[in-house]
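Everything numeric in this text was worked out from a predicted model, so none of it was measured. Start at 1 and go down the list; that is how both ligands and their atoms are numbered. Heads up: numbering here begins at 1 and tracks the sequence.
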Amino acid sequence: VVSPVASKAPSIEAIRARFPSLQSGFIYLENAGGSQVPREVADAMREYMLNNYVQLGAGYEISQRSTAVVAEAHLFINELMNGKQGQTILGPSSTQLFYMLAECYSRALHPGDQIIIAETGHEANVGPWAKLSDRGFDVRVWRVDPQTRQCSIQGLQGLLCERTKIVAFPHVSNLLGEIVDVKQVTEIAHRAGARVVVDGVAYAPHRAIDVDDWDVDWYAYSTYKVFGPHMGALYGKQEAFEELTGPNHFFIPKDNPYKFQLGGASHEGCAGLLALKEYFAFLTGSEAYEGYNTVKGAFEVIELCELPVQKALIDYLRSKPEITIIGPEHGDSSRVCTVSFTHSKKTPIEIVAEVDRLKIGIRYGHMYAYRLCRTLGIDTQHGVVRVSAAHYNTVEEIKILCDVLESVL
Ligand SMILES: Cc1ncc(COP(=O)(O)O)c(C=O)c1O
C-alpha cells in the first residue's frame, strides 16, 4: 500500500536538484558527520545577512523582523520535534548543549545522586555526565553487550535505584545505526523517578522525532545533520525545563529558553532553519507547510528514499566474508543507513585512503563512540569504516562505492 504522502512525493532527481552541492558529481556518503543543505536554506541565510542583520529587541522595523525570525525558528524546531509539552533551546552544537545541561544538573542535584550513561553513546552525551563523578555524583555505565552490541533493558533495570536522577542514552548510536526504543527506556527510567537525556543526533536525519509521544524530558539533535545550518537544538519538557537554573543572566525569566543560551542563537542560522519549512513541504509534494503533519510526511518520504540505498549497501557488505558489519546486519527500518564495518585484512585507514582519492566521501575512526569501540575490542586509532547515507543518495552511488570497495579490498 502506497501512503498518500509517498504517492505525491517528488522524484529522487527533483530532490537532488534542490541541493546545489550534489550537482558537482562528488558522492557524499558521510552524512552522519554532516548533511548538505537545500538551496532555500543557503539563500535564506544570505538574504538575512544582507538585509536583516541587526540586533534583536529594538523598536525599529528591521529589528522587529530579526526578533521574529529568531523566535519563529525556536517555535519551528520545537514543532519539528512535536514538542507539545515543552520548548526548545538553540545553541552552537549538541555537544555544547549537553555540557550546558550537565552543568545545570550538577547544581540542581546532590552528591551521591546517581547518573546512568549508556556505553553506546557518542561522547557528547557521555563525557559531560561522566565528568560529574569528580564532584561526588555516582556515575554508572549502562554496559553494552559485546555479543548483541546493545545496552539491554535488563542491564538498565539492574542499575536503576531510588537515587537515579538521570539516564543519558542515544536514540541511535552513530556507529551502530540501530534504533533504540526510546519510549520504552523512558518509561522504565520514569518509573524509577529519573529524567532521560536522549541524544537524537544520529536519528534525526532519518525519521520524524516525536518527543510528545515518547514523553522524553530532554532530546537533542544537530541541525547541520538535518539539512540545516551548523547549530544544535535541545528540547526540554516544561517541568524539567523550569526546575533548572540556566547559566545566563539572573534576570531572565525561568520559562524563557534564553536562560540556557549564553549569547543567544545564531540569527542567520535561525533564518536558515526556518527555510526548512519550504523544503519539507516540497518533500511531501505540497506548496504549503502545515505544522507537524508536514514534518511527519516529509520523514515518511525520507525513509522511503533511504531504505533501498541502505539495503544495497548492506547486501554488498554481507556478501563479503572478510567484512564484519559493526551493528545490525539487516537492511530494514529498525536501523538507519549509518553503517560501520571492519575488514579482516585491510585496516580502516587503508580502505578509506583509497576511497578518498575517488571523489567519494566516507570516513574511518572511532566516531567519538570511543568507549563503545574499546568495549567491542575495536582499535580506537583505526576504528571502523563508516558509510552514512541521507535521503538524497542513490542506489547508483552505492553501486559506485561498492565497485571501488571491490577493487580496494
Ligand atoms: C550521535 C552524535 N551525538 C552527538 C554529536 C555531537 O554533535 P555536535 O557536533 O552538534 O556537537 C554527534 C556528532 O557527530 C553525533 O553523531
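Ring geometry, Phe280 versus Phe227: the interplanar angle exceeds 60°, so the pair is classed perpendicular (tilted spans 30 to 60°). Classification of the Phe260-Phe241 ring pair by plane angle, with boundaries at 30° and 60°, yields perpendicular.
Annotation: cation-pi geometry not satisfied between Arg386 and Tyr364 (NZ/CZ under 6.0 angstrom from ring centroid, within 45° of ring axis).
Counting atoms of ligand 1 from 1 in the listed order, those under 4.0 Å from a heavy atom of Asn174 are 1 (C), 16 (O). Of all atoms in ligand 1, numbered sequentially from 1 with element shown, those under 4.0 Å from a heavy atom of Ser94 are 7 (O), 8 (P), 10 (O), 11 (O).
A salt bridge between Lys183 and Glu187 is absent, with no side-chain N of the basic residue lying under 4.0 Å from a carboxylate O of the acidic one. A salt bridge links Arg143 and Glu119; the closest N-O separation between the charged side-chain nitrogens and carboxylate oxygens is under 4.0 Å.
At the top of the distance list for atom 11 (O) of ligand 1, counting protein heavy atoms only, stands Thr95 OG1, 2.5 Å. What sits closest to atom 14 (O) of ligand 1 on the protein, heavy atoms only, is Lys225 NZ, 2.6 Å. Scanning the protein heavy atoms around atom 3 (N) of ligand 1, the nearest turns out to be Asp199 OD2, 2.6 Å. When hydrogens are left out, the protein atom nearest atom 15 (C) of ligand 1 is His122 CD2, 3.1 Å; that is the closest non-hydrogen contact.
Below 3.5 Å of separation, one finds an N or O of Ser222 facing an N or O of ligand 1. By the 3.5 Å distance cut-off applied to N or O atoms, His230 is not counted among the residues near ligand 1.
Of the possible polar contacts, none joining the His249 side chain to the Ile252 backbone as a donor-acceptor pair under 3.5 Å is found.
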Practice item. Before giving the answer on side-chain hydrogen bond (donor to acceptor under 3.5 Å, both in side chains), spell out for Gln114 and Thr164 the whole-Å C-alpha distance, their side-chain angles and the decisive distance to 0.1 Å. Key: CA-CA 4 Å; Gln114 189 187 77; Thr164 313; 2.7 Å; yes
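Residue-level proximity to ligand 1 for Tyr224 is carried by the side chain, the only part with a heavy atom below 4.0 angstrom. The part of Ala124 lying near ligand 1 is the side chain, judged by heavy-atom distances below 4.0 Å.
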